[in-house]
2 protein chains.
Amino acid sequence: MSTPDWTVHFPGLRKLEPSIGRPLVENSKVVKLAAGTRIFGPGQSPEAYLLLLDGTVRVQQVSETGREIVLYRVSAGESCALTTACLMGYEEYQAEGVAETDVQAVAIPRTTFDELIARSAEFRRFVFTAFSMRVTNLFKIIDEVAFSRVDIRLAQKLLELADSQGRVALTHQQLASELGTAREVISRQLHEFQRRNWISATRGEISLVSIKDLQKLAGAP
Amino acid sequence: MSTPDWTVHFPGLRKLEPSIGRPLVENSKVVKLAAGTRIFGPGQSPEAYLLLLDGTVRVQQVSETGREIVLYRVSAGESCALTTACLMGYEEYQAEGVAETDVQAVAIPRTTFDELIARSAEFRRFVFTAFSMRVTNLFKIIDEVAFSRVDIRLAQKLLELADSQGRVALTHQQLASELGTAREVISRQLHEFQRRNWISATRGEISLVSIKDLQKLAGAP
DNA sequence: TGTCGTATGTGACGAAGTCACAAAGCACTG
DNA sequence: CAGTGCTTTGTGACTTCGTCACATACGACA
């Protein structure tokens, strides 16, 4: 990973500085984390507010039986809702965060964070709008997990995760984790999609054949 | 409902005033809502920050098919996490809030709210610790809905909702709403609990007979 | 005592999760 | 290129959960 120009990757940061009155990274460290690093997990407490400069972090919950559900991803220019919540509420993490790619982030220590919150309306707005958007999304996840059928959710996920060529490079297990269900369930649903000629699949990759039909199932508005 | 002394019902409020420099209710209204009132619902946007003086508000999500799940309750001395999130993120409500009892609340308009957030560290702390504790709880709900069995969750709910005599005055339908499942599922589970002599039930009320066994199933730590 | 609305019981069935394996697919190695 | 080992995918049998369509039962009140 090359050293990025963080004013590009994280344009909001520089913009904040006038309102803060000094470089935002003062008192803070830029940390680098290799892909796969577990950044935080249940039982730990955050010591710093993290602003991602580059890479993505996956935040997920893991059940006792080993099933997983992806709650959200944090990418460049964003901050982690859970960290915000735990920092402000002095609580422990409920979920775990894993670096999906190599990651660079600004770590703002709690005291500096508190000070910035107090001093800068811009910073507050930045932090809280990001936070509340995540929370809004959590409500959506609860709704889907509690009430929505797996085939519909799978169709939505495939459409959401497909690249520009309509390909999704994930294993069945990874898709199951995205939706918080079991691998076998995904395998069977994908089989059904394949039978209907909506997708074609090879080991570790799925190609969307009929995006239109998938959208119809997904309830495209 | 008698007019309550809100310094009793909401002790944190008075304590905040020195740091704010004037009565907190200035620019704000005390609103009264009858039990059963729908306070907000999906698609609406909040116009004011609500601090409950008396009563409780139930926040729940309703599926297309009519199933419901209770996300949390707001009671005297607290504020609604969802309102906070929507207010800060300028978003619409994702869930609905219903007054479970008659309710009195202080409605702080957005501009005053913003000003208080800027001016008072105490107020910020009050708002955000409450907020983040709710969010933490949302994570727990996702975990339970996605990964936990209904019998276990039901046992937990019964223990949580029982009064000092071990009685739960709810219908099967209401319990189903608490857990986000179907009424029939609850009826059958309660039947099984009854068969094992863990509970006894009459129309609209359940008595816990063997709290110990319920705790064991609930996985009491 | 009858009537009506709400609450609960039940069978049948479909959808989803679990368990225990079997069978490919792929990389690496000798 | 055959063999080996790991990962990914397939499958059947079974349990749990959700849905649908009713049947009963209870309790308040005329």
Side-chain angles (χ1 to χ4, degrees), chain A residues 36 61-69 141-158 167-196 199-207 217-219, chain B residues 36 61-69 141-158 167-196 199-207 217-219:
Chain A
Q61 233 162 12
V62 183
S63 80
E64 294 171 2
T65 64
R67 262 168 65 201
E68 297 180 355
I69 182 167
I141 290 178
I142 292 177
D143 190 87
E144 283 172 1
V145 172
F147 301 133
S148 191
R149 294 172 48 109
V150 172
D151 52 355
I152 295 171
R153 297 173 58 211
L154 178 56
Q156 291 169 341
K157 243 333 159 204
L158 288 175
R167 282 187 304 217
V168 181
L170 294 177
T171 66
H172 298 184
Q173 178 57 64
Q174 288 172 318
L175 279 167
S177 292
E178 293 288 332
L179 299 180
T181 182
R183 196 260 314 161
E184 296 92 322
V185 174
I186 297 296
S187 289
R188 282 166 188 148
Q189 291 294 348
L190 287 176
H191 230 246
E192 176 60 18
F193 286 179
Q194 223 165 344
R195 195 190 63 74
R196 299 187 199 168
I199 64 167
S200 72
T202 62
R203 191 186 167 95
E205 185 173 304
I206 295 158
S207 292
L217 176 61
Chain B
Q61 235 164 9
V62 183
S63 80
E64 294 171 3
T65 64
R67 262 168 66 202
E68 299 180 354
I69 182 168
I141 290 178
I142 292 177
D143 190 89
E144 283 171 1
V145 172
F147 302 133
S148 192
R149 295 171 49 108
V150 172
D151 52 355
I152 295 172
R153 296 173 58 210
L154 178 56
Q156 290 169 343
K157 241 336 158 208
L158 289 174
R167 281 188 305 218
V168 181
L170 294 177
T171 66
H172 298 184
Q173 179 58 63
Q174 288 172 319
L175 279 168
S177 292
E178 293 287 332
L179 299 181
T181 181
R183 198 260 313 161
E184 296 91 323
V185 174
I186 298 295
S187 290
R188 281 166 190 146
Q189 291 293 347
L190 288 176
H191 229 248
E192 175 61 18
F193 286 179
Q194 224 164 343
R195 196 189 62 73
R196 297 187 200 168
I199 64 167
S200 72
T202 62
R203 193 185 167 94
E205 185 173 303
I206 294 159
S207 292
L217 176 62

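Numbers restart at 1 for each chain; the letters A, B, ... are given by sequence-line order, proteins then strands.
Distance CD1 (B:Ile152) to P (C:dG17): 16 Å, rounded to an integer number of Å. One interatomic measurement links the two molecules: CD1 of A:Ile186 to C1' of C:dA15, which rounds to 13 Å at whole-angstrom precision. Look at CG on B:Leu190: it is 13 Å from P on C:dT10, rounded to the nearest Å. Protein atom CG of A:Leu217 is 14 Å distant from nucleotide atom C1' of C:dA15, rounded to whole Å. Atom pair A:Ile206:CD1 and D:dT8:P shows a separation of 13 Å (rounding to whole Å applied). If you measure from atom CD of A:Gln194 to atom P of D:dT11, you get 10 Å, rounded to the nearest angstrom. Per the geometry, CZ belonging to A:Phe193 stands 14 Å off P belonging to D:dG10, to the nearest Å.
In this structure, B:Arg188 CZ and B:Arg183 CZ are separated by 8.5 Å, a value rounded to the nearest 0.5 Å. Atom CG of residue A:Leu170 and atom CD of residue A:Glu205 lie 9.5 Å apart, to the nearest 0.5 angstrom.
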Per-nucleotide protein contact string for nucleotides 14-19 of chain D (B base, S sugar-phosphate only, - none; heavy atom under 4.0 Å): --SSBB
Summary of protein contacts for nucleotides 22-30 of chain D, nucleotide by nucleotide, where a base hit scores B, a sugar-phosphate-only hit scores S (4.0 Å, heavy atoms): ---BBS---
Step-by-step side chain to side chain contact (heavy atoms under 4.5 Å, CB included) determination, A:Leu217 to A:Phe193: CA-CA 11 Å; A:Leu217 176 61; A:Phe193 286 179; 3.7 Å; yes
Test log, rule side chain to side chain contact (heavy atoms under 4.5 Å, CB included), inputs B:Ile186 and B:Thr181: CA-CA 8 Å; B:Ile186 298 295; B:Thr181 181; 3.8 Å; yes
Verdict with reasoning, A:Val185 to A:Leu154, per side chain to side chain contact (heavy atoms under 4.5 Å, CB included): CA-CA 10 Å; A:Val185 174; A:Leu154 178 56; over 6 Å; no
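At the phosphate of C:dT8, neither OP1 nor OP2 sits under 4.0 Å from any side-chain N or O atom of B:His191. The side chain of A:His172 places an N or O atom within less than 4.0 Å of a non-bridging phosphate oxygen (OP1 or OP2) of D:dG10.
Inter-residue side-chain proximity for A:Glu192 and A:Arg196 is flagged as met; some heavy-atom pair is nearer than 4.5 Å.
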Hey, can you pull the donor-acceptor pairs under 3.5 Å for the side chains in residues 146-153 of chain B, sequence neighbours left out?
from: B:Arg149; atom 1: NE; to: B:Asp151; atom 2: OD1; distance (Å): 3.2
from: B:Arg149; atom 1: NH2; to: B:Asp151; atom 2: OD2; distance (Å): 3.2
from: B:Arg153; atom 1: NH2; to: B:Leu179; atom 2: O; distance (Å): 2.6

